[in-house]
Participant: 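For reference, the structure I am asking about is given below.
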Amino acid sequence: MLFWLKEEMAPQEFTRRLATVITHVDEIMQQEIRPLVAVDIIEQLHRQFAILSGGRGKDGAPIITFPEFVGFKHIPEEDFLNVMTYLTSVPSVEAASIGFVIIIDRRRDKWSSVKASLTRIAVAFPGNLQLIFILRPSRFIQRTFTDIGIKYYRDEFKMKVPIVMLNSVSDLHGYIDKSQLTEDLGGTLEYRHSQWINHRTAIENFALALKTTAQMLRTFGDCLATTELPRSVPSTEDLLMSHTKQRDKMQDELKLLGKQGATLLSCIREPATKSPTSKLNLNELDNVATMKRLLVQLDETEKAFSQFWSEHHLKLNQCLQLQHFEQNFCEVKLALGNLLAEQAECTDIGDSVTRVEQLLKEHKKLEGEGQEPLEKAQLLAVIGDQLIQNHHYAVDSIRPRCAELRHLCDDFINENKKKCDILEKSLELHRQLDKVSQWCEAGIYLLASQAVDKCHSREGVDIALNDIETFLGTVKEYQLPSPKEFYNQFELMLTLDVKVKAQKVLQKLSDVQEIFHKRQMSLMKLAARQTRPVQPVAPHPESSPKWVSPKISQPSTLAPCQKTLEEPYVETDLNSLEKEDDETKFEVKNEEIPESSHDGENPEPEQLEGSKNLSPSRRIIRDLLETEETYIKEIKNIIDGYILPMDFIWLKHLIPDVLQNNKDFLFGNIRELYEFHNRIFLKELEKCTENPELLARCFLKRKEDLQMYFKYHKNLPRARAIWQECQDCTYFGVCQRQLGHSLPLFKYLRGPSQRLIKYQMLLKGLLDFESPADLEVDPGELEGCSAKNGPKRMKDSAFSAELQQALAMMEDLIKSCELAVDLAAVTGCPDDIRKLGKVLMYGSFNVWAVHKDRYKMKDLIRFKPSQRQIYLFERGIVFCKIRMEPSDQGLSPHYIFKKSLKLMSLSIHQLGRGSSRKFEIANQNGLEKYILQAASKEIRDCWFSEISKLLMEQQNNTKDVYEDEDNGRQISSKSLGTFPFGRQL
């Protein structure tokens with residue numbers, strides 16, 4: 001609240017300081033005494049019938065001189081009064097208070113002029129007079145008349161000051177020093193009337209400008225102070241921008257005014273700066289003092305405005321900060337509130353291991369979704385604390401919101417942890433229950449698998465008892481809890497359904513243990529009596545597990561059974577047991593068939609049958625989706641198996657420095673490819689399963705995103721160089737073995753190239769079918785009137801057109817990527833080469849460079865041509881030097897960028913006879929020419945025709961080309977980032 005009071009007081013203080021400046025300016029220029037300025041009486045001042053030369057009397061009294069002026073008596077009274085009023089107001093108040101000394105020079109005039117001067121001075125002089133000197137007329141008669149007239153009319157003049165009559169200027173020098181008199185009075189004081197007028201006019205104009213600027217600033221300050229603060233972020237930003245522009249304008253005016261003042265001050269001081277012996281007269285010194293005082297007021301104005309703007313700008317910024325804070329607070333609060341509500345709805349703790357694991361995944365996903373708003377909330381709370389520390393005016397509003405944000409964050413984190421603990425406890429519970437069920441099923445299978453005929457002998461009985469004791473010994477290995485321990489551990493989270501399930505499982509455990517106890521008792525009795533043993537019978541076949549365990553004593557071979565044994569012990573005959581054993585083995589054999597088929601990537605009969613029923617378009621899309629998922633998994637394996645382990649500390653010693661320093665170049669933007677395909681492209685392709693006609697649009701929609709492949713392929717040559725240098729390092733071998741890859745890493749890094757070709761093949765295959773709905777529509781529906789068939793044909797035609805566009809786009813992308821690999825090998829290629837458009841043609845030429853000022857065409861045969869690789873772009877030609885360098889495949893070409901020429905500045909010409917393979921390109925001024933020799937006449941004709949066509953198009957569309965270049969775009973529909981690979985000739 002105090003801050004707001006201070007802010008409300010700031011405009012008033014600013015207005016008071018500016019009013020003080022205006023008052024001081026008036027005092028300096030004595031505007032309250034003399035409202036006149038030099039511009040108002042400029043004509044009267046130029047007549048020079050009275051001047052203020054800057055001289056001073058012995059006591060410092062200012063001297064006003066009335067030079068000889070023929071028409072003095074004809075000067076209007078008002079003009080005389082204005083000039084006198086202005087001249088008497090120019091000296092300082094201290095000097096004017098001493099009184100003025102008036103010198104009337106009438107040496108060449110008459111007594112009547114002297115009389116007229118004294119009369120006007122006596123009547124209209126506005127200042128204090130100290131002394132009047134009169135240089136009487138030099139002619140005898142007029143001098144006599146003057147002496148007599150002075151004596152006769154002295155009382156009529158009513159002068160209260162002495163009037164001294166002088167015969168010559170030498171007499172005047174006895175009263176006033178020569179240095180204070182102008183040259184026409186025999187003195188040495190330099191005085192230029194026009195310069196004096198100019199200085200006075202400039203000073204007064206500067207003072208007026210300063211006063212006007214101060215008034216404008218005061219008005220501007222009042223406007224800012226009365227502006228109501230907006231309540232939205234855009235409005236506040238607009239207001240802040242508007243006020244800032246106005247402030248900058250005012251600041252520029254103040255700076256300009258300061259420069260003008262400094263220039264004027266230097267002009268006044270100029271006589272003293274030009275010559276060390278020159279000194280400023282008192283009049284000029286007064287002007288310097290006046291300018292200094294005005295500049296001080298200008299500085300005070302700037303300081304006051306700067307301080308006021310600083311406070312106002314802070315006020316607007318804090319208002320904008322508060323609005324951003326409030327807006328972000330509402331967004332974050334809503335997001336966290338929704339997440340907390342979603343958490344509260346998730347009350348299910350699962351009824352099986354699979355269900356709990358699914359719930360844990362959903363919980364982790366929800367927790368991941370909450371990380372962004374959680375981080376935003378925590379960051380917003382920190383921002384709020386910073387605003388409070390910076391003494392924001394809305395501290396009382398910000399502080400409770402920060403506390404609410406932290407409370408929401410704590411609630412979200414605690415609820416997450418609580419839910420996670422409950423689900424993990426539930427997972428442990430169901431695993432315990434499954435473990436008990438598995439143990440019980442394995443025990444039942446053991447009892448059922450004991451052959452009855454083997455129990456007729458003592459040896460068979462001992463083996464059976466030994467198997468039972470061994471199995472009962474696995475209780476510790478399975479860590480089966482007692483019912484009491486189980487309930488004590490999980491009692492707090494047992495729902496009604498889970499409690500019923502737990503009771504059944506624990507009851508089953510008790511029953512199985514009892515069965516084992518009874519079997520042990522029976523076998524012991526058999527061993528003791530040595531009589532025919534009781535024939536035990538296996539349980540019902542439905543309770544038998546569908547797999548064979550060779551040794552029941554190995555818990556690792558036990559698998560969970562899909563059904564619960566309701567009758568723990570059933571007796572039957574030996575034939576039933578043997579029959580059940582045969583059925584079990586058959587079931588095991590049947591279950592192994594799909595698994596092996598899957599491993600061999602052979603589809604199941606149902607899948608094969610379903611595939612036959614699919615339309616061709618759907619089969620292609622299914623193939624696209626399956627290969628897309630495989631492609632994403634391969635990229636994920638590269639990231640998880642090669643990139644991420646590079647940060648493992650225990651593998652650092654296996655990674656050479658070259659690989660560690662260049663790992664980003666080895667893998668390029670493969671992470672970007674993975675994120676795009678996994679998060680975006682795959683999901684959009686899945687939508688095409690039921691609507692195949694959306695496939696082409698899917699590719700066209702992601703045209704810009706697919707340009708990331710150009711970036712990947714541009715880096716590929718550098719990645720290959722790094723791989724060739726580091727391929728034998730131990731790290732790659734470890735990662736390859738860990739992933740189980742049969743091929744080295746770089747083979748997999750070629751996957752994105754192969755993926756683009758796969759897209760091309762699938763689109764071509766789909767284009768062979770004119771409509772995606774050919775096999776999806778009942779043939780009977782196709783029979784009918786043409787009115788029904790018309791829309792379908794239009795739909796098919798539109799789909800085919802879109803497919804052709806998508807295929808053309810993919811082919812251009814493949815060519816672009818191939819060119820990216822090629823241009824990556826060009827050393828020194830500038831980054832702005834993209835401005836030349838797409839590549840149309842490229843090839844190798846013999847080139848002669850001819851400069852008109854240096855060589856003649858007939859001298860061409862003296863020079864050996866240079867072999868150059870030339871690329872023809874839409875708007876230019878690039879020359880590259882060819883250099884053969886050794887590689888693994890022998891000598892391979894490498895290119896060095898030499899020169900690029902814009903087509904708009906070129907002309908093309910054919911050469912005469914004997915030059916069937918040559919043509920000439922030259923600058924429009926003709927000073928620089930290039931003779932290009934192709935490998936054949938056909939290549940020459942093709943290049944000549946293409947360049948001529950481009951030149952003609954550019955001449956017809958020069959204006960459009962310039963506009964597109966200024967806006968950073970191309971005329972073609974292809975983006976500048978795409979370099980479709982041209983024809984090689």
Side-chain angles (χ1 to χ4, degrees), residues 4-40 42 89 198-230 235-268 287-320:
W4 277 106
L5 289 175
K6 180 181 178 182
E7 280 297 294
E8 291 299 327
M9 290 295 293
Q12 299 176 7
E13 177 65 18
F14 178 60
T15 302
R16 185 192 65 78
R17 292 175 68 176
L18 291 183
T20 304
V21 168
I22 295 172
T23 303
H24 286 169
V25 171
D26 289 340
E27 291 176 356
I28 293 170
M29 302 306 297
Q30 300 186 26
Q31 290 293 315
E32 72 279 0
I33 301 174
R34 168 191 50 81
L36 291 174
V37 291
V39 177
D40 298 337
I42 190 72
S89 64
N198 291 337
H199 285 176
R200 290 301 305 172
T201 304
I203 292 174
E204 290 170 356
N205 288 339
F206 178 77
L208 180 61
L210 175 57
K211 184 176 177 181
T212 304
T213 302
Q215 291 172 346
M216 289 174 56
L217 291 176
R218 184 168 62 178
T219 304
F220 178 61
D222 293 340
C223 178
L224 297 187
T226 56
T227 301
E228 183 178 356
L229 294 178
S235 300
T236 305
E237 290 176 344
D238 293 341
L239 181 64
L240 181 59
M241 185 180 297
S242 174
H243 285 186
T244 303
K245 288 182 178 178
Q246 297 180 51
R247 178 257 181 186
D248 294 339
K249 183 178 179 181
M250 295 292 182
Q251 195 70 26
D252 292 340
E253 291 184 2
L254 287 173
K255 290 181 180 179
L256 179 61
L257 195 59
K259 291 181 180 179
Q260 293 175 352
T263 303
L264 179 57
L265 183 60
S266 64
C267 290
I268 298 173
N287 288 340
V288 170
T290 300
M291 282 303 304
K292 287 183 177 180
R293 294 173 66 189
L294 290 175
L295 290 175
V296 168
Q297 296 306 314
L298 175 61
D299 184 61
E300 171 63 19
T301 302
E302 290 180 342
K303 289 181 179 178
F305 181 64
S306 177
Q307 182 178 353
F308 169 75
W309 171 255
S310 177
E311 294 175 354
H312 179 74
H313 189 259
L314 176 63
K315 177 180 176 180
L316 286 181
N317 273 333
Q318 289 190 343
C319 176
L320 185 60

Participant: Please name the pair of heavy atoms, one in Ile22 and one in Ala214, separated by the smallest distance, quoted to 0.1 Å.
Facilitator: CG1-CB, 3.9 Å

Participant: Does Lys255 have any salt bridge (Lys or Arg N to Asp or Glu O under 4.0 Å) partners at least two apart in sequence or in another chain, and if so, which?
Facilitator: none

Participant: Could you walk me through whether Ile268 and Ile203 pass side chain to side chain contact (heavy atoms under 4.5 Å, CB included), step by step?
Facilitator: CA-CA 10 Å; Ile268 298 173; Ile203 292 174; 3.8 Å; yes

Participant: List for me each residue that meets side chain to side chain contact (heavy atoms under 4.5 Å, CB included) alongside Asn317, sequence neighbours excluded, and say none if there are none.
Facilitator: Leu240, His313

Participant: Would you give the length of the straight line joining atom CG of Leu224 to atom CG of Leu316, rounded to the nearest 0.5 angstrom?
Facilitator: 8.0 Å

Participant: Considering all heavy atoms of both residues, which atom of Arg218 and which atom of Ala19 are nearest to each other, and what is their separation?
Facilitator: NH1-CB, 3.7 Å

Participant: Restricting to side chain to side chain contact (heavy atoms under 4.5 Å, CB included), what partner residues turn up for Leu256, sequence neighbours left out?
Facilitator: Gln260

Participant: Sequence neighbours excluded, which residues qualify as side-chain hydrogen bond (donor to acceptor under 3.5 Å, both in side chains) partners of Asp238?
Facilitator: none

Participant: Going through the checks in order, is the side chain to side chain contact (heavy atoms under 4.5 Å, CB included) test met by Leu208 and Glu204?
Facilitator: CA-CA 6 Å; Leu208 180 61; Glu204 290 170 356; over 6 Å; no

Participant: Restricting to side chain to side chain contact (heavy atoms under 4.5 Å, CB included), what partner residues turn up for Thr213, sequence neighbours left out?
Facilitator: Leu217, Leu254, Leu257

Participant: What is the minimum heavy-atom distance between Ala207 and Val25, and which atoms define it?
Facilitator: O-CG1, 3.7 Å

Participant: Nearest 0.5 angstrom please: Lys315 NZ to Glu311 CD, how far?
Facilitator: 10.5 Å

Participant: Is there any side chain to side chain donor-acceptor pair (under 3.5 Å) pair reaching into residues 239-253, and which pairs are they, with sequence neighbours excluded?
Facilitator: Ser242-Gln246, His243-His312

Participant: Side-chain donor-acceptor contacts of residues 288-310 below 3.5 Å, not counting sequence neighbours, with atom names and distances?
Facilitator:
| residue | atom | partner | partner atom | Å |
| --- | --- | --- | --- | --- |
| Thr290 | OG1 | Asp286 | O | 2.8 |
| Gln297 | OE1 | His24 | ND1 | 3.4 |
| Gln297 | NE2 | His24 | ND1 | 3.4 |
| Asp299 | OD2 | Lys303 | NZ | 3.3 |
| Glu300 | OE2 | Arg17 | NE | 3.1 |
| Glu300 | OE2 | Arg17 | NH2 | 3.1 |
| Thr301 | OG1 | Gln297 | O | 2.8 |
| Gln307 | OE1 | Arg17 | NH1 | 2.8 |

